[in-house]
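When a residue number appears, it is its place in the shown sequence, counting from 1. Only heavy atoms go into these numbers, but all of them, side chains included; no hydrogens, no water, no symmetry mates.
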Amino acid sequence: MPKTALALRHVQFEDLGVFAPALADAGFTLTYRDAGDADFLAGDPLAPDLLVVLGGPIGVYEDETYPFLKAERDFIARRLAAGRPTLGLCLGAQLMAAALGKRVFPSGVKEIGFAPVTLTEAGAASPLRHLEGGPVLHWHGDTYELPDGAVHLASTAPCPQQAFSLGPSILALQFHPEADTGPRFERWLIGHAAELAAAGIDIPALRRDAAGHGPALARRAHALMREWLTQAGLAA
């Protein structure tokens with residue numbers, strides 16, 4: 001019987017990207033649910049073998065503007081309380097921290113572009129080891145408090161909280177190793193045009209960095225995902 005992965009998606013172009021082939025290799029059937037659709041949070045949050053909470057340009061704390069966020073945090077909280085395999089990416093990582101009772105807030109810095117993360121000792125012994133020494137894509141202006149009992153895995157100078165885990169099968173990444181930095185990366189540049197302009201980002205330079213770093217990052221990201229799925233008991 002195929003394993004099931006449910007991905008909660010907030011904007012169309014921030015999908016599973018280069019993580020999707022690793023899931024397919026591990027025998028997963030992938031379903032996306034999109035914010036704004038009637039079935040976004042339908043069903044039992046414990047039912048999928050894997051839940052992935054994807055990124056997006058809104059803040060976890062913007063409940064008045066985006067009322068669905070409370071229901072999404074509750075959905076994730078039920079999943080985490082049961083210890084079911086869960087992966088969060090950027091906004092997804094922040095939603096996980098909030099679902100675990102911690103504060104998510106503006107960091108005061110727009111961290112957008114390609115740069116390495118510094119792994120903690122625990123991070124270097126985790127599947128994140130595949131990212132060591134190479135740049136990954138950062139695209140956020142918020143950060144979070146480390147949840148109680150979580151293991152801190154990675155940091156950058158602008159943002160000390162970049163990744164955490166809870167046991168072998170719950171992983172939250174503030175950065176974007178999953179981003180497809182091939183031709184489809186243009187969707188990120190268009191979709192986030194206003195944010196990039198406001199932050200003064202050099203878009204041609206970001207495009208060049210994506211093309212230059214993308215192939216190696218995709219290989220490292222695939223290795224990370226493959227090892228994490230094995231660690232979580234989800235490999236084929």
Side-chain angles (χ1 to χ4, degrees), residues 3 5-8 10 19 23 26 41 44-56 58-63 69-107 111 116-132 136 138 140-178 221 224-235:
K3 296 185 289 291
L6 172 62
L8 300 181
H10 302 91
F19 278 174
L23 286 173
L41 300 173
D44 183 354
L46 308 187
D49 294 298
L50 172 64
L51 176 69
V52 184
V53 189
L54 294 167
I58 61 177
V60 169
Y61 42 79
E62 295 185 275
D63 289 14
L69 285 167
K70 182 182 184 308
E72 186 173 9
R73 290 196 304 273
D74 291 345
F75 188 93
I76 295 166
R78 287 182 58 198
R79 177 91 183 178
L80 297 177
R84 296 283 285 146
T86 306
L87 172 64
L89 300 167
C90 199
L91 173 62
Q94 296 159 7
L95 282 162
M96 288 168 64
L100 291 164
K102 291 303 176 179
R103 188 168 66 101
V104 178
F105 54 95
S107 66
E111 191 174 20
V117 292
T118 299
L119 300 181
T120 64
E121 184 176 351
S126 79
L128 270 66
R129 65 189 179 85
H130 295 286
L131 303 178
E132 191 161 19
V136 297
H138 301 270
H140 63 92
D142 288 346
T143 189
Y144 55 83
E145 296 173 331
L146 185 67
D148 296 341
V151 177
H152 182 210
L153 300 176
S155 66
T156 60
C159 186
Q161 294 298 335
Q162 288 284 354
F164 68 84
S165 63
L166 279 167
S169 60
I170 294 173
L171 179 63
L173 306 177
Q174 172 102 311
F175 51 94
H176 286 280
E178 86 290 353
L224 181 166
M225 188 62 160
R226 186 173 59 242
E227 183 172 330
W228 182 72
L229 290 172
T230 299
Q231 174 185 288
L234 295 171

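Distance CD1/Ile170 to CG/Leu80: 5.0 Å, rounded to 0.5 Å. In this structure, SG on Cys90 lies 6.5 Å from NE2 on His140, to the nearest 0.5 angstrom. Separating the CD atom in Gln162 from the OH atom in Tyr144 is a distance of 7.0 Å, to the nearest 0.5 Å. Note that CG of Leu224 and CG of Leu128 are 5.0 Å apart. Values are rounded to the nearest 0.5 Å.
Side-chain contact check for Ile76 versus Arg73: every heavy-atom pair is 4.5 Å or farther apart. Side chains of Leu100 and Leu166 form a contact here, defined as non-hydrogen atoms less than 4.5 Å apart. You'll find the side chain of Leu234 stays beyond 4.5 Å of the side chain of Ser169, heavy atoms only. Put simply, the side chain of Arg79 reaches to within 4.5 Å of the side chain of Pro85, judged on heavy atoms.
The side-chain hydrogen bond (donor to acceptor under 3.5 Å, both in side chains) check on Gln161 picks up nothing, with sequence neighbours excluded.
Nearest heavy atom pair, residue Gly56 against residue Leu91, reads N-CB, 3.7 Å.
Salt-bridge formation is not detected for the pair Arg78/Asp74: no Lys NZ or Arg NE/NH1/NH2 atom is positioned less than 4.0 Å from an Asp or Glu carboxylate oxygen.
Looking at Arg84, its side chain never comes within 3.5 Å of a backbone N or O of Leu51 through a donor-acceptor pair.
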